[in-house]
Engineer: 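Before anything else, here's the structure in question.
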There are 2 protein chains.
Amino acid sequence: MTPTKPAAPARGRLSRERVLTAAITLADHGGIESLTMRKLGAHLGVEAMSLYKHVANKDDLVDGMTDRVFGEIDLPAPGTEWRTAMRQRAISIRQVLARHPWATALMQSRTSPGPGTLHHHDAVIGLLRGAGFSVPLTAHAFSALDSYIYGFALQEKSLPFETGDETAALAQLILAQLPADQYPHLRELTVEHVMQPGYDYGHEFEYGLDLLLDGLERAVQQGKDVKSARPRR
Amino acid sequence: MTPTKPAAPARGRLSRERVLTAAITLADHGGIESLTMRKLGAHLGVEAMSLYKHVANKDDLVDGMTDRVFGEIDLPAPGTEWRTAMRQRAISIRQVLARHPWATALMQSRTSPGPGTLHHHDAVIGLLRGAGFSVPLTAHAFSALDSYIYGFALQEKSLPFETGDETAALAQLILAQLPADQYPHLRELTVEHVMQPGYDYGHEFEYGLDLLLDGLERAVQQGKDVKSARPRR
DNA sequence: TGTTGTACGCTTACATCGTAAGCTTTGTCA
DNA sequence: TGACAAAGCTTACGATGTAAGCGTACAACA
């Protein structure tokens with residue numbers, strides 16, 4: 001139509017970095033399912049197809065976004081006492097995922113890790129090894145902690161409420177719809193625990209985390225990994 | 001085109017149950033992203049739109065599928081010693097999710113639980129309460145175990161290999177592509193642990209699980225929930 | 001200064017998806 | 001036999017990801 005459009009208000013050129021940044025911003029607001037190539041283009045003052053000059057396809061875009069998020073996780077200074085370090089890392093992950101809830105399910109499920117991801121993992125393993133963890137115990141610790149951390153985050157993300165008060169209100173609403181005599185235990189837990197003032201599901205995070213850290217601490221202290229004997233297939 | 005098609009080989013009528021069953025079968029094979037209303041219809045010898053007589057929309061379909069999966073989880077007989085019961089439940093969940101990998105992320109993230117889901121949760125809570133867990137400790141146990149179980153399943157599902165041998169082969173391939181001097185710890189763990197014969201990531205499951213169960217056992221035994229003091233917001 | 005190669009952005013197009021609206025067939029009972 | 005409701009079908013629309021190919025502006029060189 002317009003013969004010679006000066007192509008976008010010259011907001012500078014596009015680049016993979018700018019595309020990723022914009023994509024993360026969009027996902028942070030509307031969730032990952034509202035992130036479409038067209039909207040992303042529009043947000044950058046560009047047509048959808050132009051994005052493909054900087055990103056192979058949508059999967060590649062999402063991989064890039066996820067790797068960026070990994071980069072946001074604080075890594076404790078090398079040499080930090082391991083338990084403190086692992087605790088801080090766990091908390092940092094939870095904070096990062098609170099900023100980018102859409103990333104929760106992706107962190108563990110993307111198959112092509114980027115440099116941010118690899119660096120993060122390497123640092124964590126290095127820290128544990130440096131603290132005297134055997135190789136198998138390091139693997140155990142890594143697996144157990146990450147399963148827990150991301151599993152918790154996944155659960156937390158899907159809660160339909162944010163504050164304790166909202167929780168109580170919603171819980172009441174849900175309970176009211178259930179037959180009074182069904183699910184008695186669920187009801188008890190809800191009324192006597194979830195609906196109490198001051199309840200916040202987020203507090204559960206550190207309880208489980210400390211359970212795992214306690215167990216790992218015991219395992220390192222006995223200087224050996226009791227369960228390392230792997231059954232030979 | 002064909003004037004009077006005898007509508008499907010009269011495979012009997014459709015029903016919500018038949019739709020759900022077929023949908024689960026399709027998802028088990030091609031994954032949830034390959035499940036479309038048209039394919040599901042075709043699989044049942046029916047047009048896509050006919051499904052909407054038995055299912056409100058695709059979300060409702062997925063909710064129904066997820067609730068079915070919850071129903072497949074073995075619940076230990078009431079009265080079973082709690083630790084055994086929780087261990088068996090965890091293992092059963094892992095088996096069920098191995099059959100239905102697509103369900104892994106959904107189990108924790110659907111907001112409208114069906115009867116299968118509610119019954120499952122009620123039974124678990126009841127079992128713990130019956131074993132002497134206080135209400136807050138029950139909440140802790142439930143949260144910690146489920147976070148871990150589903151987090152582990154999520155991780156496991158996304159692994160691009162199934163057997164130990166495949167793992168070793170793939171690990172070698174990936175390592176070869178990385179700069180030799182980068183990520184030394186990741187490399188060590190891979191070479192000295194992951195690539196060893198007999199390695200199977202699945203074995204990690206029970207290690208972390210037992211860490212949590214040990215901790216919970218200690219907590220019940222002292223007859224009180226040490227961390228229950230909730231900070232008042 | 002003029003020429004040209006190329007990286008970047010645009011236009012058009014298509015297959016696939018969920019599903020709204022309304023029509024037709026079929027099975028049941030009076 | 002006729003009427004009605006339930007079940008299934010047809011058609012259509014607005015997303016969505018992305019393939020293919022076009023136009024252009026700018027940097028490097030003549």
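Sequence lines set the chain letters: A, B, ... in the order given, protein chains first and strands last, and positions in each chain run from 1.
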Engineer: Specify the separation, in whole Å, of atom CG of Leu40(A) and atom P of dT18(D).
Structural biologist: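 Going from CG in Leu40(A) over to P in dT18(D) covers 12 Å.
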
Engineer: Using only atom types and a distance under 3.5 Å, with no angle test, would you say the side chain of Ser158(B) pairs donor to acceptor with the backbone of Gln108(A)?
Structural biologist: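 Here the side-chain-to-backbone pair exists.
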
Engineer: Roughly how many Å is it from CD in Glu47(B) to P in dC17(C), rounded to a whole number?
Structural biologist: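 That distance rounds to 14 Å.
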
Engineer: Check the distance between dA20(C)'s C1' and Tyr52(B)'s OH and give it to me in whole angstrom.
Structural biologist: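 Nearest whole value for this atom pair: 10 Å.
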
Engineer: Going by ring-ring contact (aromatic ring centres under 6.0 Å, His included), Phe70(A) matches just one of His121(A), His100(A), His119(A). Which one?
Structural biologist: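 So, applying the ring-ring contact (aromatic ring centres under 6.0 Å, His included) to Phe70(A) and each of His121(A), His100(A), His119(A), only His121(A) qualifies.
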
Engineer: How close or far is atom P of dC17(C) from atom CZ of Arg38(B), stated in whole angstroms?
Structural biologist: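 About 7 Å, once rounded to whole Å.
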
Engineer: With a non-hydrogen cut-off below 4.0 angstrom, is Lys53(B) in contact with a base, only sugar-phosphate, or nothing?
Structural biologist: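 It contacts base atoms.
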
Engineer: Rounded to whole Å, how long is the line connecting atom NZ of Lys58(B) with atom C1' of dT16(C)?
Structural biologist: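 Rounded to the whole Å, the gap is 11 Å.
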
Engineer: Any side-chain N or O of Ser50(B) under 4.0 Å from OP1/OP2 of dA7(D)?
Structural biologist: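 No, Ser50(B) has no side-chain N/O under 4.0 Å of OP1/OP2 on dA7(D).
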
Engineer: Any idea which of dT11(C), dG9(C), dG17(D) is nearest the Arg13(A) side chain?
Structural biologist: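 Nucleotide nearest to Arg13(A)'s side chain: dG9(C).
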
Engineer: Go nucleotide by nucleotide along DNA chain C from the 5' end; which of Met37(B) and Met49(A) gets its closest nucleotide reached first?
Structural biologist: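 Its nearest nucleotide lies further toward 5', so the answer is Met49(A).
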
Engineer: From CG of Asp60(A) over to C1' of dT18(D), roughly how many Å is that when rounded to an integer?
Structural biologist: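 Whole-Å distance recorded here is 14 Å.
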
Engineer: In terms of side-chain heavy atoms of Ala48(A), which of dC9(D), dT19(C), dT18(D) is nearest?
Structural biologist: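 The listed nucleotide nearest to Ala48(A)'s side chain is dT18(D).
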
Engineer: His54(A) side chain N/O closer than 4.0 Å to the phosphate oxygens (OP1, OP2) of dA7(C)?
Structural biologist: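 Answer is no, no contact under 4.0 Å.
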
Engineer: Given 3.5 Å as the limit, does a donor-acceptor pair link the side chain of Ser92(B) with the main chain of Gln88(B), or not?
Structural biologist: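 A pair under 3.5 Å: no.
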
Engineer: Is the centre of the Phe152(B) ring less than 6.0 Å from the centre of the Phe205(B) ring?
Structural biologist: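 Yes, the ring centres sit under 6.0 Å apart.
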
Engineer: Please report the shortest heavy-atom distance between Gly202(B) and Arg94(B), naming the atom on each side.
Structural biologist: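 Closest approach of Gly202(B) to Arg94(B): O-NH2, 3.6 Å.
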
Engineer: Starting from P on dG18(C), measure out to CD on Glu33(B) and report it in whole angstrom.
Structural biologist: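 Taking CD of Glu33(B) and P of dG18(C), I get 12 Å after rounding.
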
Engineer: Specify the separation, in whole Å, of atom CG of Leu51(B) and atom C1' of dA20(C).
Structural biologist: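 To the nearest whole Å, that distance equals 15 Å.
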
